[in-house]
Amino acid sequence: MKQRNNDTYPLVTAACAAAGFTPRVVHQVKEWYAVSALVAEGLGVCLVPRIVPLPRHAVTRVPLRGEPVPVRRFLTAVRRGSAAHPLVSAGLDALREAAAAHGAGRRSAHPKRRAR
């Protein structure tokens, strides 16, 4: 995991701290292909956003459980007045649909468990 110029580093270290440990970072790469290749070779573990397609390396995606689960927000920005443009509007609609489908899939795939 690359410590500098990497928006994932604080997210990973916070998730590890919430789980009660500090990661020992020995490899520094940024590209997801390289990250998954290192994991496939048994050189570590990583947190990979669900939006990232994994290459055909021998890795398994395991959903995080417990609270808090790290999340990211995606924001859109368009030039004032351009949201009504057909191409911009179609792009924004596609992003909303993808976000809604992803959110619905996440809720059904990872139901919250009740404390007993």
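Here the structure is a predicted model, which means the values were calculated and not measured.
The heavy-atom pair separating Val59 from Ala40 by the smallest distance is CG1-N, 3.6 Å. The shortest heavy-atom contact between Leu54 and Arg61 is CG-NH2, 3.1 Å. For the pair Val35 and Cys46, the tightest heavy-atom approach, listed with the atom from each and the gap, is CG1-SG, 3.2 Å.
You'll find the side chain of Val48 reaches within 4.5 Å of the side chain of Trp32, heavy atoms only. Side chains of Cys16 and Thr22 form no contact here, defined as non-hydrogen atoms less than 4.5 Å apart.
The environment of CZ in Arg56 is sparse: at most 12 heavy-atom neighbours from other residues, nucleotides or ligands sit within 6.0 Å.
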Passes side chain to side chain contact (heavy atoms under 4.5 Å, CB included), Thr60 versus Val62? Steps please.
CA-CA 6 Å; Thr60 302; Val62 179; 4.3 Å; yes
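The distance from atom CG of Leu38 to atom NE2 of His57, rounded to the nearest 0.5 Å, is 9.5 Å. Atom CG of Leu92 is separated from atom OG of Ser82 by 8.0 Å, given to the nearest 0.5 angstrom. Atom CD of Glu31 is separated from atom OG of Ser36 by 11.0 Å, given to the nearest 0.5 angstrom.
Both Val39 and Val52 are part of a single hydrophobic cluster, where members link through side-chain heavy atoms under 4.5 Å apart. Under a hydrophobic clustering in which Ile, Leu, Val, Met, Phe, Trp and Tyr are joined whenever their side-chain heavy atoms come within less than 4.5 Å, directly or via other members, Val26 and Val29 fall into different clusters.
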